[in-house]
2 protein chains.
Amino acid sequence: MKDSELLEAYFKLGISVTVVLYGFDEGKLQVYIQKIRTNPYAGAWSLPGKLILPEEGLVEASEGIVKEVIGNKDIYLEQLNAFGKIYRHPLGRVVDVAFYGLINMPEDIKAQRTDKENKWVSVKEVPQLAYDHNDVLKLAGQRLKRRLVNRPIGFKLLPQEFTLTDLQQLYEEILERPLDKRNFRKKLTKLGILTAEGHEDTSNPGRKPRLFKFNQDKYNEYMEQGF
Amino acid sequence: MKDSELLEAYFKLGISVTVVLYGFDEGKLQVYIQKIRTNPYAGAWSLPGKLILPEEGLVEASEGIVKEVIGNKDIYLEQLNAFGKIYRHPLGRVVDVAFYGLINMPEDIKAQRTDKENKWVSVKEVPQLAYDHNDVLKLAGQRLKRRLVNRPIGFKLLPQEFTLTDLQQLYEEILERPLDKRNFRKKLTKLGILTAEGHEDTSNPGRKPRLFKFNQDKYNEYMEQGF
DNA sequence: TCAAAAGTGTTTCCCTTACACCCATGC
DNA sequence: GCATGGGTGTAAGGGAAACACTTTTGA
């Protein structure tokens, strides 16, 4: 091959972006999947994703995917890894760059995005997915666990105001182990990133829990020091 | 655009692989850089890397780069991130997938790879690099520091047999802070991944240090449990 | 007054940190 | 015998983990 031919040969790859989108509902960590409409994987479940155009950025593309699903792109989004395995695509080689995102999932989003071609499933009940998406999901799960213990990102999965019990259940679900209530609360209050906001008005039995808000300013202070 | 045209438009990207190759010499953490020969960056320093062909895997490509530099591909190699920023390349858009690798650098490799177009430089003296390679290097440095305190990978930068003083100096250099000798040794011996191997035969003044080897089996045991 | 969930302190243990002297060797 | 680098133990402090009862509320 001549040099010019070789150079042209390089620019024949596709790059896709895939997003593992996490939500928390009914006490379960859920992930959004959708059915593929085009061959060769038509009918199979997959993580949302798309091929990017030469002028699209990776972050912009993944935010676009998020926006398509939940109508809002301002969420916690972090790059995982590039997946270079050569999987079949009708037109050629695709390298996939995976992200994971955390959203607060009000009921309407879930309802709106649940039909024959879209759904949220518990991470423990994810079916076989197309491409290497089960591997992507596995990596995302590991990363999420690690982040959760090192940085206070759990809030991103909850509404603005939440109770400490909510938060603890979320941690227990994701880390897959029970946590001690007193130790959990001690740790959080010591971090100082929670602000009390009155009491929840439930009509549940039992004492009314206090509501808390996540204090973004304090969080930023910590982040600057690198935790 | 018709669907088929759109699909073709996707497959016009290039993917490159870049390797941050670390070595340890003269008490300094060093990184390998080389001069670019082709335009538009001809003459500028950069990290080693290359565009991949549609049939090349990411890992294979990065191992190939390592092999070109040191003649051996079996080293510690870990993916960093994909860098999607659109930087100019004569033929189009390139997304870069960066790796970092740790090698034991005997003198001959350094000598062999030091001339007008190739060199090892202390990470503290790295010049301006082409593309976004200074960003890549920054991320690699952060990752290396984090890994070093969480997993025993420091050995990968030393010869098979080494003294505890060597190892401590390596940690101090990379973490950029002094460590306590007794605490350092305590921690390592407690981990149990070091095997004593007799004494070094130096002609230095002072007591002869013991030599240690890294115990890969013990390390694997730890890794399975996730540390 | 009972059931259900919220809230609250203390002790133990282990890991981390700080700290100073003796030992072996070559010259 | 002295200069040089190698090697070792102990005490204090701080964070993580274990553990049980009281408070508030609605029915």
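Letters A, B, ... mirror the listed sequences (proteins, then strands); counts begin at 1.
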Per the under-4.0 Å heavy-atom filter, residues of residues 173-183 of chain B near DNA chain C come out as B:D180, B:R182, B:N183
Tell me which pairs pass salt bridge (Lys or Arg N to Asp or Glu O under 4.0 Å) where either residue lies in residues 139-149 of chain A, with sequence neighbours left out. A:E78-A:R143, A:E78-A:R147, A:K145-A:E176
Which residue pairs pass the ring-ring contact (aromatic ring centres under 6.0 Å, His included) test with at least one member in residues 141-168 of chain B, sequence neighbours excluded? B:F155-B:F162, B:F155-B:F214
Check the distance between C:dC19's C1' and B:R185's CZ and give it to me in whole angstrom. 16 Å
B:K187 NZ to D:dT8 C1', in whole Å, measures 19 Å
What distance do A:K218 atom NZ and A:I193 atom CD1 have between them, rounded to the nearest 0.5 Å? 10.0 Å
Is the NZ or CZ atom of A:K156 positioned over A:Y219's six-membered ring, under 6.0 angstrom from the centre and within 45° of the axis? yes
Just checking B:T163: base, sugar-phosphate only, or nothing, at a heavy-atom cut-off of under 4.0 Å? nothing
Here the distance between atom C1' of D:dG5 and atom NE2 of B:H199, to the nearest Å, is 14 Å
Does A:K208 have a side-chain nitrogen or oxygen under 4.0 Å from the phosphate oxygens OP1 or OP2 of D:dT23? no
Using the ring of B:W45 (Phe, Tyr or Trp, six-membered ring only), decide whether B:K119 places NZ or CZ under 6.0 Å from its centre and within 45 degrees of its axis. yes
Would you say the side chains of A:Q168 and A:E172 form a donor-acceptor pair under 3.5 Å? yes
Can you measure A:R210 atom CZ to D:dT25 atom P for me and round it to whole angstrom units? 13 Å
Which is more 5' along DNA chain D, the nucleotide nearest A:R207 or the one nearest B:F212? Just name the residue. B:F212
Determine whether a donor-acceptor pair (one donor, one acceptor, N or O, separation below 3.5 Å) exists between the side chain of B:K186 and the base of C:dT17. yes
How close or far is atom P of C:dA24 from atom CG of B:L211, stated in whole angstroms? 18 Å
Residue met sooner reading DNA chain C from 5', once A:D166 and B:G206 are mapped to nucleotides: A:D166
